[in-house]
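Before any comments, here is the structure.
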Amino acid sequence: MSAKLRAVLWDLDGTLADSEDFHSAATVAALAEHGISASRGRELIGQARPAAYQYLCERYQGVPDYPTFSAQVDRHLIPLLADTRPIAASFAALQRFAGEGRSQYVVSNSLPNAVAATLAALDADRYIRGWIANDGKADAKPAADPYLRALAAIGCDPDGAVVIEDSHAGTASAHAAGLFVIGVGENHDQIGADASYATFPDLSPEQIIAGVGK
């Protein structure tokens with residue numbers, strides 16, 4: 001790990017954006033269109049939509065084909081995302097790191113239209129260099145591909161970057177890419193991160209790696 005990190009790679013839903021409930025609500029509403037009553041469980045957090053779809057098919061009868069289901073989820077989800085609010089401590093860190101000249105990327109398992117809608121609601125584009133979504137061009141988290149793509153886009157080695165995540169799938173993806181992971185959120189201490197906090201601390205990535213405040 002280099003002394004000064006060049007890049008910070010952020011998960012989006014539940015990490016930067018308070019948007020996970022919108023994704024859950026849209027999934028429940030899409031299932032309801034087919035007479036399926038589902039609860040807003042946390043078991044799908046961090047899952048790419050194809051993986052979530054497979055889980056739902058195994059749990060419920062009557063789930064439609066994937067293209068139909070995905071379109072129905074989006075019809076409910078995209079309008080909801082317009083009301084997305086930032087997770088305050090994480091967004092403050094995003095702004096702080098941008099001011100320090102660090103390259104920042106968002107790396108999400110959500111589909112491109114959902115990522116674009118969420119970032120627009122947050123007005124976050126000014127702070128990031130770009131974003132990686134589940135666009136079907138590579139494997140989604142927990143595979144290493146999403147974070148490797150972000151590193152390649154920035155031109156940065158794993159030892160020059162850090163990841164902020166809130167899910168098992170995201171942590172596994174980042175670790176597979178050789179990255180240090182900071183866990184945040186409700187389950188911060190249960191996702192296998194290298195350091196974890198309920199909310200992002202007022203510390204630099206270098207201080208977190210060094211264990212300051214622990």
Side-chain angles (χ1 to χ4, degrees), residues 1-24 42 45-47 81 83-110 114-115 118-133 141-142 146-147 150-151 154 156 158-214:
M1 194 71 66
S2 60
K4 175 66 183 290
L5 297 177
R6 288 184 52 205
V8 180
L9 310 179
W10 292 89
D11 175 57
L12 183 57
D13 302 302
T15 303
L16 270 177
D18 188 9
S19 51
E20 286 179 337
D21 282 349
F22 294 143
H23 286 263
S24 296
R42 297 186 59 82
I45 289 177
Q47 296 282 357
L81 291 175
D83 292 327
T84 302
R85 295 294 178 264
I87 294 176
S90 292
F91 205 79
L94 178 82
Q95 295 171 311
R96 184 168 74 249
F97 298 156
E100 294 169 356
R102 302 182 196 264
S103 294
Q104 298 188 95
Y105 247 71
V106 162
V107 181
S108 176
N109 257 359
S110 292
V115 173
T118 304
L119 291 174
L122 298 181
D123 194 21
D125 284 337
R126 71 179 80 179
Y127 304 115
I128 63 174
R129 281 188 54 181
W131 47 272
I132 302 293
K141 303 174 189 177
Y147 281 110
L151 289 171
I154 295 171
C156 182
D159 65 356
V162 69
V163 167
I164 298 98
E165 271 285 356
D166 78 324
S167 73
H168 283 284
T171 298
S173 173
H175 279 163
L179 290 152
F180 186 97
V181 181
I182 302 167
V184 296
E186 182 179 341
N187 296 316
H188 62 94
D189 57 349
Q190 302 173 34
I191 63 172
D194 301 295
S196 62
Y197 304 85
T199 58
F200 200 93
D202 188 16
L203 297 169
S204 71
E206 293 82 9
Q207 288 174 316
I208 292 173
I209 291 167
V212 172
K214 288 293 188 180

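Note: hydrogens, waters and symmetry copies are ignored here, and every other heavy atom, side chains too, is used. All residue numbers in this chain count up from 1 along the given sequence.
- Considering only heavy atoms from C-beta on, Phe200 stays 4.5 Å or farther from Leu94 through its side chain.
- Arg102 approaches Ser204 most closely through the heavy-atom pair NH2-CB, 4.2 Å.
- Going from atom CZ of Phe91 over to atom CG of Asp123 covers 7.0 Å, rounded to the nearest 0.5 Å.
- With contacts defined as side-chain heavy-atom distances shorter than 4.5 Å, the pair Ile208/Val162 does not qualify.
- No side-chain donor-acceptor contact under 3.5 Å links Thr84 to the backbone of Thr118.
- For the pair Leu122 and Pro86, the tightest heavy-atom approach, listed with the atom from each and the gap, is CD2-N, 3.4 Å.
- In this structure, His168 contributes its side chain and Gln190 its backbone to a donor-acceptor pair below 3.5 Å.
- The CG atom of Leu16 lies 11.5 Å from the CG atom of Asp18; values are rounded to the nearest 0.5 Å.
- The distance from atom CD1 of Ile164 to atom OG1 of Thr171, rounded to the nearest 0.5 Å, is 11.0 Å.
- In this structure Ser173 satisfies the side-chain contact (heavy atoms from CB on, under 4.5 Å) test together with Lys141, Pro146, Tyr147, sequence neighbours excluded.
- Closest of all the heavy-atom pairs between Ser110 and Ala114 is CB-CB, 4.2 Å.
- Asp194 contributes a side-chain N or O that, together with a main-chain N or O of Val181, makes up a donor-acceptor pair within less than 3.5 Å.
- One distance of note links CG of Leu9 with CD1 of Ile132; it measures 9.5 Å at 0.5 Å rounding.
- For Pro158 against Leu179, the heavy-atom pair with the smallest separation is O-CD2, 3.5 Å.
- Contact annotation: the side chain of Leu12 approaches that of Leu119 to within less than 4.5 Å [non-hydrogen atoms, C-beta and beyond].
- Under the 3.5 Å distance criterion, the side-chain polar atoms of Arg6 are left unmatched by any main-chain donor or acceptor of Lys4.
- Closest heavy-atom contact between Ser196 and His188: CB-O, 3.1 Å.
- From Asp11, atom CG reaches atom CD1 of Ile191 across 8.5 Å, with rounding to the nearest 0.5 Å.
- Side chains of Ser19 and Asp13: a donor on one and an acceptor on the other come within 3.5 Å.
- Nearest heavy-atom pair across Ala161 and Leu5 is N-CD2, 3.9 Å.
- Aromatic pair Trp10/Tyr127: ring centres not closer than 6.0 Å.
- A donor-acceptor pair under 3.5 Å links the side-chain atoms of Arg96 to the main chain of Leu203, judged by distance alone.
- Separation of atoms CZ (Arg126) and CD (Gln95) is listed at 8.0 Å; rounding is to 0.5 Å.
- The shortest side-chain heavy-atom distance between Val184 and Thr15 falls under the 4.5 Å cut-off.
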